[in-house]
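Here is the structure we will look at, set down as structure tokens.
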Amino acid sequence: MTSQPKIDSIPKHYNPGTTEEKWYNYWEEHNLFHSTPDDREPFAVVIPPPNVTGVLHMGHMLNNTIQDVLVRRARMQGKNTCWVPGTDHASIATEAKVVQKLRKKGIKKSDLSREKFMDHAWEWTEEHGGIILQQLRTLGASCDWKRTRFTLEDELYEAVITCFIKLYEDGYIYRGKRMINWDPAAQTALSDEEVIHKEVQSKLYHIRYPIKNTNRFVTIATTRPETILADTAVCVHPDDERYSDLVGQTAIIPLVNREVEIIADDYVDPEYGTGCLKITPAHDTNDYELGLKHNLEIIDMLNADGTLAESARFYVGKDRFEARKLIIKELEEKNLLVDTEEMPNKVGYSERTDAVIEPRLSLQWFCRMEELSKPALENVMNDKIRFHPAKFKNSYQHWMGNIRDWCISRQLWWGHRIPAWYYGNGADEYVIARDEQEALKKAREKSGNAGLSADDLQQDEDVLDTWFSSWLWPISVFDGIEHPENEEINYYYPTRDLVTAPEIMFFWVARMIMAGYYFRGEKPFGNVYFHGIVRDEKRQKMSKSLGNSPDPLKLIEQYGADGTRVGMLFASPAGNDLLFDESLCEQGRNFSNKIWNAFRFLMMNKQEGKNYTPSLELDPENLADRWMMARIKQTLTDVEKDFDSYRLNEALKKLYSLVWDDFCDWYIEVSKADTPGEPMPVKNLERALGLFELLMKMLHPFMPFITEEIWQRIQERSPEDALTISEWPSLDDDIDTDADKLFSQIQEQISAIRNIQSEMGVSPKKELTILAKTADKTMADDLKQHSWIYNKFLSVESIEFSPELHKPKASASALVQGTELFIPLEGLIDLDKERRRIEKEISQTEGFLKSVEKKLSNQKFVENAPDDVVDRERQKKSDAESNIKKLKESLQNLAG
RNA sequence: GGGUUCAUAGCUCAGUUGGUUAGAGCGUUGCAUUGACAUUGCAGAGGUCGGCAGUUCGAAUCUGCCUGAACCCACCA
């Protein structure tokens with residue numbers, strides 16, 4: 001970098017492309033994001049690990065932008081920040097992709113051995129894995145890349161197994177035959193959370209079952225008529241008089257002609273449908289419970305892939321939905337279908353494959369949750385772990401309070417294989433062990449058969465739910481499971497902030513909290529920030545399948561990472577969904593360009609051969625300097641508050657306004673030399689640069705690239721002085737309110753005069769005579785001292801401040817905080833227009849006065865309201881009265 | 001069915017413990033333009049704060065009901 005940037009070397013438009021790449025490489029090369037434990041306060045954040053084969057989508061963009069803002073600010077605050085990146089093996093999602101890819105090549109999963117399949121999966125992972133991490137760099141994510149982890153890597157695999165064994169030994173994990181959610185497409189069990197209930201229009205079929213030895217029928221209602229093939233009872237309510245005589249009799253299931261008992265149970269709602277329920281214990285959770293209670297036969301009529309099994313006896317091999325149609329047709333022909341009713345119905349779908357879920361009785365592994373959930377619930381409710389926004393505590397509480405056991409086994413290969421080894425076929429003939437050798441030892445002990453060999457052992461074929469590894473993430477990335485006392489886990493854990501979407505609160509957040517307390521006796525993080533879902537203008541969720549999502553990388557290319565980040569955050573109020581619109585990124589890009597040009601202007605004012613040192617030593621005589629500093633201090637205070645409550649978009653908006661409205665529109669304008677082309681005085685420019693540097697610091701967490709670029713262009717810096725690790729501004733809270741008030745008043749006056757120019761159609765170039773009649777002499781003197789400021793914004797021929805001025809004829813007027821401004825506009829003024837202007841203001845002020853008077857004339861208000869409130873109203877009254885008087889005079893003057 | 005949240009300008013949202021005839025950004029209208037920036041500047045228009053009732057001297061803010069929207073949870077065929 002050369003010592004003196006030349007204005008020619010600064011393009012008119014900011015060009016993010018090469019700049020961003022340059023600085024990202026710089027930060028990474030100089031290790032500025034790498035963290036190791038030291039004596040500073042730790043600030044660790046673990047990334048919600050994206051799927052290893054995933055590509056960056058808008059949700060990631062938002063999620064990681066927020067994390068990066070938090071992390072970068074903490075880093076500048078001198079905290080030892082450690083943002084751990086990584087990826088998730090995403091068991092079912094990745095396996096589905098691999099299966100699909102193999103199918104295209106003509107290879108079926110069932111033709112492959114487990115080992116061969118895993119080879120393909122790893123190959124795929126290595127090919128596509130990590131793309132997303134590379135993409136995060138273009139966004140500017142300041143992760144500690146040396147710490148990149150993968151949930152299926154060896155170390156984390158060990159951690160998962162260790163946890164499984166511990167939970168098993170502590171009695172939390174058990175194996176059992178239960179009703180579970182079966183995904184016939186992926187052919188695996190799912191947890192309750194992986195089932196999405198959608199409301200669909202269904203048909204409720206009323207079907208007649210003949211009653212044995214009579215010519216009577218009983219009519220049942222069902223949405224899944226194919227399951228009648230596995231019916232083993234019919235059930236009515238015990239108090240239902242319509243059917244009381246039928247209880248104990250035998251009904252004949254159509255088609256299969258199975259004879260089943262008509263039983264009574266108060267589970268049945270007599271009001272619903274026909275009040276008569278068919279019972280299919282193998283294919284419905286409730287029916288299963290009833291089946292157990294009444295000791296009914298269980299007939300499993302479905303294969304794993306959703307086709308009808310031999311036990312169905314009819315339509316064997318047909319898909320369940322095809323069988324449904326055929327059965328309805330047959331029932332119709334046999335005159336057993338009485339009625340078909342349209343009905344809204346909730347149907348469960350697989351989160352991953354979108355297949356309709358079948359409840360299925362199956363032998364699976366489960367984790368008991370009740371005990372684990374207790375500290376996890378308590379410590380969120382008592383704010384030891386803080387949720388932002390807090391409203392999410394409600395749904396968390398509800399879920400935790402009704403938690404059910406977690407089905408953790410999956411009939412997949414891509415994942416952590418369950419460490420159970422079977423040495424026989426009995427329900428109890430297995431051991432839990434870390435490896436085969438240990439398993440053999442345990443199996444020999446348990447069975448009492450010392451002759452068992454490795455060949456007699458069979459490891460469980462299933463793998464664990466993906467979330468069974470993700471729930472350990474805040475611990476396992478620091479190796480805290482295998483080495484619970486290592487320096488890193490002790491230093492970084494608990495982590496500070498977790499940033500995620502509410503949709504995975506139960507999948508992940510709740511379970512991490514449970515794991516944190518169970519495996520380490522400590523919360524995994526202090527704060528959880530829930531951001532919204534990224535939607536399009538029509539409020540539809542942005543997704544690849546809908547095709548309504550822009551390509552994030554294209555956005556970055558087009559608007560810059562800084563511009564895109566700003567665009568995302570602008571639209572993202574805390575806890576609300578984000579309605580994404582590309583115009584927001586455009587706004588972000590424009591903001592980058594504005595900043596760039598402010599910088600460009602300052603550089604233009606550098607004089608050849610002179611050295612400049614940015615300075616914060618303000619000139620007490622320079623009102624604009626004092627005002628700008630006051631604005632910066634005030635904004636910084638507000639921004640800190642916003643950060644504390646995770647209102648990042650509010651913080652950003654304030655900074656946006658500080659830079660654009662205050663610095664560019666006012667401060668720079670004031671700072672301009674009197675004659676164009678003449679550079680600013682050296683001292684003035686140094687102060688302007690000093691203030692501008694403060695702005696760059698405050699903006700850095702949001703717009704890391706452009707701020708670093710400018711920072712390093714203002715002065716030559718070494719990597720130790722890079723903006724990204726510079727000190728976050730800490731300014732005293734002694735805000736110069738005098739300067740702020742006076743300058744604001746001048747601003748208002750200038751706006752009022754501009755308003756006159758605009759409304760009267762007076763060209764801004766026309767030189768004005770300005771007469772300011774102030775309330776008193778002090779004010780006149782104060783303003784007079786800063787009359788030069790008016791010259792920067794208006795064409796001024798002469799300006800006069802005094803409490804004793806009279807309104808000249810044919811002049812426009814304005815009233816600003818008690819000061820009357822008169823602008824003689826002989827020949828230019830439209831008297832009618834001006835009259836209307838003043839009349840409008842009088843009527844507004846009179847309306848205001850009326851409302852104040854109404855309050856003050858209310859005896860109860862004067863008696864009950866606090867004194868300061870009443871005083872304020874009185875002040876408003878007298879101000880309004882005086883203003884009206886002045887305006888009326890002005891009006892009269894105009895006529896005279 | 002249970003629960004939660006929300007309803008403020010055309011759009012997206014602020015509005016801290018009730019006390020300035022309600023604020024911002026975008027959009028919109030008019031004007032401006034030979035250098036920091038048209039990826040710009042200046043000025044304006046636009047809301048009886050979903051409805052009704054109540055508490056209070058005073059309600060966008062608190063309470064109740066109604067209407068409307070969204071989300072979460074749940075085994076009702």
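Residue numbering restarts at 1 for every chain, and letters A, B, ... go by the order of the sequence lines.
- Here the side chain of A/Glu194 pairs a donor or acceptor atom with the backbone of A/Ser191 at under 3.5 angstrom.
- Looking at which nucleotide of RNA chain B each of A/Glu669 and A/Gly847 is closest to, the 5′-most match is held by A/Gly847.
- Considering only the side chain of A/Lys876, B/U20 comes nearest among B/A36, B/U20, B/G44.
- Using a 4.0 Å cut-off between charged side-chain N and carboxylate O, A/Arg837 and A/Glu834 make a salt bridge.
- Looking at heavy-atom distances under 4.0 Å, A/Val852 makes no contact with the nucleic acid at all.
- Here B/A36 presents its C1' atom at 13 Å from CD1 of A/Ile706, a figure rounded to the nearest Å.
- Comparing the P positions of B/A60 and B/C66 gives a spacing of 23 Å, expressed to the nearest Å.
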* Could you run through nucleotides 3-12 of chain B and give me one letter per nucleotide, 5' to 3': B if any protein heavy atom sits under 4.0 Å from the base, S if only the sugar-phosphate is that close, - if neither? => -SS------S
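- A/Asn605 comes within 4.0 angstrom of nothing in the nucleic acid, heavy atoms only.
- Listed nucleotides: B/A77, B/A14, B/A74. Nearest to the side chain of A/Lys346: B/A74.
- Comparing B/A77, B/A36, B/U20 by their closest approach to the side chain of A/Leu277 singles out B/A77.
- Distance from the side chain of A/Arg647 is smallest for B/A14 among the nucleotides B/A36, B/A14, B/G25.
- At the heavy-atom level, A/Lys840 lies under 4.0 Å from the strands shown only through sugar-phosphate atoms.
- A cation-pi contact links A/Arg754 to A/Trp666, judged by a cut-off of 6.0 Å to the six-membered ring centre and 45° from its axis.
- In terms of phosphate contacts, A/Trp660 brings a side-chain nitrogen or oxygen within less than 4.0 Å of OP1 or OP2 of B/G41.
- Classified by interplanar angle (parallel below 30°, tilted 30° to 60°, perpendicular above 60°), the ring pair A/Tyr667/A/Phe663 is parallel.
- Taking the side chain to side chain contact (heavy atoms under 4.5 Å, CB included) definition, one finds that A/Lys346 meets it with A/His197, A/Glu199, sequence neighbours left out.
- Comparing B/G44, B/C37, B/C42 by their closest approach to the side chain of A/Asn755 singles out B/G44.
- Taking CG of A/Asp577 as the start and CZ of A/Arg535 as the end, the distance is 4.5 Å to the nearest 0.5 Å.
- Minimum interatomic distance between A/Met301 and A/Thr227 (heavy atoms only, all atoms of both residues): SD-CA, 3.8 Å.
- For A/Lys393 and A/Phe387, the positive end is not near the middle of the six-membered ring at less than 6.0 Å and at most 45° from its axis.
- Nucleic acid contact class of A/Lys854 (heavy atoms, under 4.0 Å, all strands): none.
- The existence of a salt bridge linking A/Lys203 and A/Glu341 is excluded, since no basic side-chain nitrogen approaches an acidic carboxylate oxygen closer than 4.0 Å.
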* To do: Under 3.5 Å for both distances, Watson-Crick or G-U wobble, that's the pair rule; now give the dot-bracket for RNA chain B, with | marking pairs to another strand and [ ] for crossing ones.
  => (((((((..((((.....[...)))).(((((.......))))).....(((((..]....))))))))))))....
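- Across all strands, A/Ser751 comes closer than 4.0 Å only to sugar-phosphate atoms, never to a base (heavy-atom distances).
- Protein atom CG of A/Asn593 is 9 Å distant from nucleotide atom C1' of B/U40, rounded to whole Å.
- Place A/Met343 and A/Lys672 on RNA chain B by their nearest nucleotides, and A/Lys672 ends up nearer the 5' end.
- Of the candidates B/G35, B/G41, B/A43, B/A43 carries the atom nearest the A/Arg754 side chain, counting heavy atoms from C-beta on.
- In this structure, A/Arg589 places its CZ atom 13 Å from C1' of B/U40, rounding to the nearest Å.
- Heavy atoms of A/Cys276 sit nowhere under 4.0 angstrom from any nucleic acid atom.
- Ranking B/G41, B/C37, B/C76 by closeness to the A/Asn597 side chain, first place goes to B/C37.
- The stretch residues 868-875 of chain A touches RNA chain B through A/Val869, A/Arg872, each having a heavy atom under 4.0 angstrom from the strand.
- Salt bridge A/Glu289/A/Lys293: absent, no basic N to carboxylate O contact under 4.0 Å.
- Set against B/G44, B/C73, B/C75, the side chain of A/Trp399 has B/C73 as its closest nucleotide.
- Under the 6.0 Å cut-off for aromatic ring centres, A/Tyr656 and A/Phe570 qualify, their centroids lying closer than that.
- For the pair A/Glu650 CD and B/G25 C1', the interatomic distance rounds to 11 Å; values are reported in whole Å.
- At a threshold of 4.0 Å, the pair A/Asp562-A/Arg589 does not count as salt-bridged, since none of the basic side-chain nitrogens sits closer than that to a carboxylate oxygen.
- Ion pairing between A/Arg511 and A/Glu193 holds under the 4.0 Å rule for side-chain N and carboxylate O.
- A/Arg836 has no carboxylate O lying under 4.0 Å from a charged side-chain N of A/Glu841, or vice versa, which leaves the two without a salt bridge.
- Within residues 196-207 of chain A, no residue has any heavy atom under 4.0 Å from RNA chain B.
- With respect to the salt-bridge test (charged N to carboxylate O, under 4.0 angstrom), the residues A/Lys855 and A/Glu873 qualify.
- A/Phe702 and A/Phe643 have tilted rings, their planes meeting at an angle from 30° to 60° on a 0 to 90° scale.
- Partner of A/Glu226 under the side chain to side chain donor-acceptor pair (under 3.5 Å) criterion, chosen from A/His283, A/Arg324, A/Arg320: A/Arg324.
- Comparing B/A74, B/A77, B/C37 against the side chain of A/Arg404 picks out B/A74 as the nearest.
- Within 4.0 Å of A/Gln587, counting heavy atoms only, lie sugar-phosphate atoms of the nucleic acid but no base atom.
- Which of B/C73, B/U39, B/A14 sits closest to the side chain of A/His13 comes down to B/U39.
- A donor N or O paired with an acceptor N or O is not found under 3.5 Å between the base of B/C37 and the side-chain atoms of A/Lys12.
- Both tests hold for A/Lys672 against A/Phe601: distance to the six-membered ring centre under 6.0 Å, angle to the ring axis within 45°.
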* Contact pattern, 5' to 3', of nucleotides 54-59 of chain B - B, S or - by protein heavy atom under 4.0 Å -> ---B--
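- By the 4.0 Å N-to-carboxylate-O rule, A/Lys833 lies too far from A/Glu759 to be salt-bridged with it.
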